[in-house]
2 protein chains.
Amino acid sequence: MQNMQAITILAALAQESRLAVYRLLIEHAPEGLAASAIAEQLGLPNATLSFHLKELSHAGLVSSRQSGRFIYYAPVIETMDALVGYLTDHCCSQSGGTCAPATRKSAPAKRVAAAGKRRPGSA
Amino acid sequence: MQNMQAITILAALAQESRLAVYRLLIEHAPEGLAASAIAEQLGLPNATLSFHLKELSHAGLVSSRQSGRFIYYAPVIETMDALVGYLTDHCCSQSGGTCAPATRKSAPAKRVAAAGKRRPGSA
DNA sequence: TCTATATTTCCATGATTATAGAATTGTCAA
DNA sequence: TTGACAATTCTATAATCATGGAAATATAGA
């Protein structure tokens with residue numbers, strides 16, 4: 001991942017409403033949620049939500065698909081994966097430090113299984 | 001980690017000069033670098049660098065210590081660790097997705113050894 | 001078609017952030 | 001002390017970002 005792309009993604013997440021939107025979408029992955037449902041859940045005006053969705057979309061953190069009159073937004077896991085990879089690859093101490101997330105809180109099995117995998121695309 | 005703390009850290013990293021400073025400090029961990037050395041390496045005016053160092057410091061991403069006339073800045077690995085933990089814990093898909101950094105590009109041994117470790121402080 | 005609903009764009013406004021020169025503060029060496 | 005250097009704070013300015021009402025643009029059903 002390029003520096004500038006990482007900055008775009010970090011900036012997209014570094015905002016209260018947008019982080020809330022993203023986390024809400026994660027809870028509803030992989031189907032996602034309609035914009036109206038997001039607006040209702042988070043109490044955001046339409047225009048404001050639309051603005052933030054565009055930011056998240058531009059950063060590649062969410063995708064959208066139309067279904068009838070609704071537009072569903074879903075998180076793009078690969079982007080978060082790439083960001084975490086970038087941070088561990090470029091922003092963690094070479095010598096000794098931790099920065100190893102290893103596994104998640106409540107779904108350890110899957111994570112552990114993948115633990116030996118080398119990150120293929122990292123420069 | 002609290003949401004707002006994560007946002008502070010993300011915002012601190014989401015800026016070209018600051019990310020460059022942080023990455024430079026990572027290269028010089030754990031001793032760090034004097035402000036003047038950072039300014040020279042990155043070609044930043046003193047006042048500008050000072051502004052960004054304060055942001056990084058406020059986010060807990062760097063620490064500083066005085067040594068003679070110099071102030072050395074060093075990265076705080078624990079903060080990056082906590083951020084990566086927050087992202088993997090709260091911002092990665094529950095069902096199936098990847099978001100598992102597992103190991104780093106060129107220092108796999110240490111990482112693999114820690115791969116089985118559960119993240120202790122995560123809610 | 002007409003109407004209702006979903007979403008986005010337009011726009012103005014206010015707030016925050018980034019930049020960097022100049023002045024200031026702090027530290028050391030002689 | 002004085003002088004040299006390191007770093008921060010002060011200050012003004014420009015640029016970017018966030019907010020949300022109002023208007024415009026879909027989409028679907030009757």
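Any value given below was found using the heavy atoms of this structure, including those in side chains, with hydrogens, waters and symmetry copies removed. Letters A, B, ... mirror the listed sequences (proteins, then strands); counts begin at 1.
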- Message: Distance check, rounded to the nearest 0.5 Å: A/Leu42 atom CG versus A/Ser17 atom OG?
- Response: 7.5 Å
- Message: Can you list, by chain and residue number, the hydrophobic cluster partners of B/Tyr72 when the side-chain cut-off is 4.5 Å?
- Response: B/Phe70
- Note on the structure: Between B/Leu61 and the options B/Thr8, B/Ile9, B/Leu83, the side chain to side chain contact (heavy atoms under 4.5 Å, CB included) test singles out B/Ile9
- Query: Looking at DNA chain D, which of residues 8-19 of chain A put a heavy atom within less than 4.0 Å of it?
  - Reply: A/Gln15, A/Arg18
- Residue pairs meeting side chain to side chain donor-acceptor pair (under 3.5 Å), one or both in residues 44-60 of chain A, sequence neighbours left out, come to A/Arg18-A/His52
- Query: Residues in side-chain contact (heavy atoms from CB on, under 4.5 Å) with A/Glu40, at least two apart?
  - Reply: none
- Kindly check if the number of other-residue, nucleotide or ligand heavy atoms within 6.0 Å of CD (A/Gln2) is above 12? no
- Can you get from A/Met1 to B/Tyr22 by hopping between Ile, Leu, Val, Met, Phe, Trp and Tyr side chains that sit under 4.5 Å apart? yes
- Task: Tell me, please, the opening and closing nucleotides of DNA chain C, 5' to 3', among those with an atom under 4.0 angstrom from a non-hydrogen atom of chain A.
- Result: C/dA4 to C/dT9
- Query: Mind checking what makes side-chain contact (heavy atoms from CB on, under 4.5 Å) contact with B/Ala35, not counting sequence neighbours?
  - Reply: B/Leu49, B/Leu53, B/Tyr73
- Would a distance-only check, ignoring hydrogens and angles, find a side-chain to backbone donor-acceptor pair under 3.5 Å from A/Thr79 to A/Gly60? yes
- Message: Among B/Ile38, B/Leu33, B/Ile26, which residue satisfies the side chain to side chain contact (heavy atoms under 4.5 Å, CB included) criterion with B/Val21?
- Response: B/Ile38
- Query: Sequence neighbours excluded, which residues qualify as side chain to side chain donor-acceptor pair (under 3.5 Å) partners of A/Arg23?
  - Reply: B/Asn3, B/Tyr86, B/His90
- Single-linkage hydrophobic cluster, 4.5 Å side-chain cutoff, B/Leu56 and B/Ile7 together: yes
- Message: Assess the residue pair A/Leu87 and A/Cys92 against the criterion (side-chain contact (heavy atoms from CB on, under 4.5 Å)); give the C-alpha distance rounded to whole Å, side-chain angles, the decisive distance to 0.1 Å, and a yes or no.
- Response: CA-CA 7 Å; A/Leu87 293 177; A/Cys92 285; 5.7 Å; no
- Message: Reading DNA chain D in the 5' to 3' direction, which nucleotide is the first one with an atom under 4.0 Å from a heavy atom of chain A, and which is the last?
- Response: D/dA18 to D/dA28
- Query: Tell me, which of residues 52-68 of chain A have any heavy atom that sits under 4.0 Å from an atom in DNA chain D?
  - Reply: A/His52, A/Gln66, A/Gly68
- Would you mind reading off the bend of the helix from C/dT1-D/dA30 to C/dA30-D/dT1 from its two end axes, five pairs each, to 10 degrees? 20°
- Task: Would you please name every residue forming a side-chain contact (heavy atoms from CB on, under 4.5 Å) with A/Ala14, sequence neighbours left out?
- Result: B/Leu10, B/Ala11
- Co-membership, hydrophobic cluster, residues A/Leu19 and A/Val76, 4.5 Å side-chain: no
- Item | Neighbours of DNA chain D within residues 37-50 of chain B, by heavy-atom distance under 4.0 Å | B/Asn46, B/Ala47, B/Ser50
